[in-house]
Each structure stands twice: as C-alpha cells, then as structure tokens.
Amino acid sequence: MNVFRLIGDLSHLLAILILLWKIWKTRSCSGISGKSQFLFALVFTTRYLDLFTNFISPYNTFMKIVYIVCSCVTVYFIYVKFKATYDSNHDTFRVEFLVVPVGGLAFLVNHDFTPLEILWTFSIYLESVAILPQLFMISKTGEAETITSHYLFALGAYRALYIVNWVYRYYFEGFFDLIAIVAGCVQTILYCDFFYLYITKVLQGKKLSLPA
Amino acid sequence: DEETQAKDEL
C-alpha cells in the first residue's frame with residue numbers, strides 16, 4: 001500500500017459519502033444520474049465477490065463492504081426513498097449500450113476464463129464507463145450543482161491517483177495489471193473535460209455550467 | 001502460464 005493508493009481510496013470514499021450526504025441533507029437526488037449509480041453498485045457487487053473466497057487484509061475487507069453498502073444505499077435513495085425528486089427525464093443514457101459490449105469484452109479479454117475472474121474483469125471495464133450517464137445528464141441540462149461537481153472531482157481524483165499508484169508499483173514492486181491499467185486510463189480520460197471545467201469554474205466560485 | 005493473482009486493489 002503506497003500513499004497514492006491510500007489517498008486514492010480515501011478520495012473514492014469521500015466521493016461516495018459526499019453524494020450520500022447531499023441526497024440525505026437536501027432530501028433530493030435531482031441532478032444525479034440513477035443509471036450511473038446503479039452501474040457503480042453493479043461494479044462493486046461483481047468485483048468484490050472475492051470477499052467470500054479471498055482474505056487480503058482487514059482494510060481491504062472493510063473498504064469493500066463500505067463501498068458495496070454505500071452504493072446500494074445510494075441506489076435505494078434514488079429509486080425508492082427520494083424517487084419523487086429523481087430527474088428521470090434527463091437521465092436518458094441507454095445503459096445497455098455500455099453493459100452489453102462491456103460484458104462481451106470481459107468474456108473475450110480477461111486474465112483467466114473463470115466465473116469470478118470474468119465478473120472481476122466485467123466490473124473493471126464497466127467502472128471505466130459507468131460515469132457516462134452522469135456526464136451525459138450534465139451535458140443535457142447544461143449545468144451541475146456545486147456539490148455534484150465536488151462529487152465528480154473526488155471521483156476523478158481517485159482515478160488519477162490510482163494511475164500514479166500503478167506507476168509507483170511498476171517501478172518499486174514490478175507489479176502491473178494491464179487490464180486494470182488500460183481501463184483505468186480510459187476512465188481517467190473521461191474526466192479530463194470535467195476537470196477543466198471544475199478548475200476554471202467551480203474553484204472560482206462559479207456554478208458548473210456548460211456554454212449553450 | 002499466467003496465474004491469477006489476488007486482487008489487493010479496490
């Protein structure tokens with residue numbers, strides 16, 4: 001465990017908690033893509049099935065459980081508890097266009113053709129594109145609440161830190177996982193446009209809005 | 001022959 005990885009994990013946790021807090025505090029999930037949140041819940045549940053087969057560390061087990069529980073609670077908030085505030089008219093990204101190709105790719109390109117390994121690979125590929133419905137929603141409405149942009153920034157920072165973590169691990173441990181690295185880079189690239197807007201607008205105290 | 005390693009990353 002290196003410092004980039006740790007801060008990356010904490011940034012990821014922060015993102016998840018910011019989102020839960022925003023929904024709970026405002027009693028509203030407006031501006032949040034339920035589809036992205038559903039995909040993240042699917043990512044965690046398919047990736048962390050090794051909770052039942054492999055023990056790595058108390059930290060690892062704890063974080064996995066927290067991620068799964070928080071993502072499921074988020075989905076519950078959006079689709080059940082605060083359903084009336086869910087902006088489904090703007091959340092129109094076709095999820096099957098992500099899940100089906102990603103599922104196919106996981107079957108074709110993986111480390112090992114076993115159920116757990118294919119599900120892990122599926123979750124890695126799916127995570128890399130799971131934010132697309134959220135970004136699509138923002139591009140459709142042309143704006144995002146400031147708290148939502150903080151959420152996205154923390155999530156993007158987590159991805160960027162994981163890349164630094166892989167560079168570190170490659171040099172100092174000789175470790176690399178090509179599937180995770182390629183998918184992670186794709187995922188980080190998707191945030192670049194958002195990072196630019198975040199730095200030029202949100203950090204200057206303005207609301208994140210796109211030019212019409 | 002590639003061995004599937006334990007996934008310590010989240």
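Below, chains carry the letters A, B, ... as their sequence lines are ordered, and counting in each starts from 1. All figures in this text were calculated on a predicted structure; none of them were measured in a lab.
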Does any backbone or side-chain atom of A:F44 lie under 4.5 Å from a heavy atom of chain B? Answer side chain, backbone, both or neither.
neither

Would you mind checking which part of A:D9 comes under 4.5 Å of any heavy atom in chain B, side chain (CB onward), backbone (N, CA, C, O), both or neither?
side chain

Taking only heavy atoms into account, what residues of residues 160-168 of chain A are found under 4.5 Å from chain B?
A:Y162, A:N165, A:W166

Check the surroundings of atom CZ in A:F55: do more than 12 heavy atoms from other residues, nucleotides or ligands lie under 6.0 Å from it?
yes

Does A:F153 have its ring centroid less than 6.0 Å away from the ring centroid of A:H12?
no

Please table the atom pairs, donor to acceptor, closer than 3.5 Å between any side-chain atom in residues 74-82 of chain A and protein atoms at least two apart or in another chain.
| from | atom 1 | to | atom 2 | distance (Å) |
| --- | --- | --- | --- | --- |
| A:T74 | OG1 | A:C70 | O | 2.8 |
| A:Y79 | OH | A:G34 | O | 3.3 |
| A:Y79 | OH | A:K35 | N | 3.3 |

Distance-minimising heavy-atom pair for A:I68 and A:T45:
CG2-CG2, 4.1 Å

The single option from A:N110, A:D112, A:L116, A:T46 that satisfies side chain to side chain contact (heavy atoms under 4.5 Å, CB included) with A:T121 is A:N110

Scan A:N2, A:I7, A:V3 and name whichever one has a side chain to side chain contact (heavy atoms under 4.5 Å, CB included) with A:R5.
A:N2

Using the rule given for side-chain contact (heavy atoms from CB on, under 4.5 Å), can you reason through A:T146 versus A:L208, listing the C-alpha separation, both sets of side-chain angles and the distance that settles it, and then say yes or no?
CA-CA 7 Å; A:T146 300; A:L208 191 138; over 6 Å; no

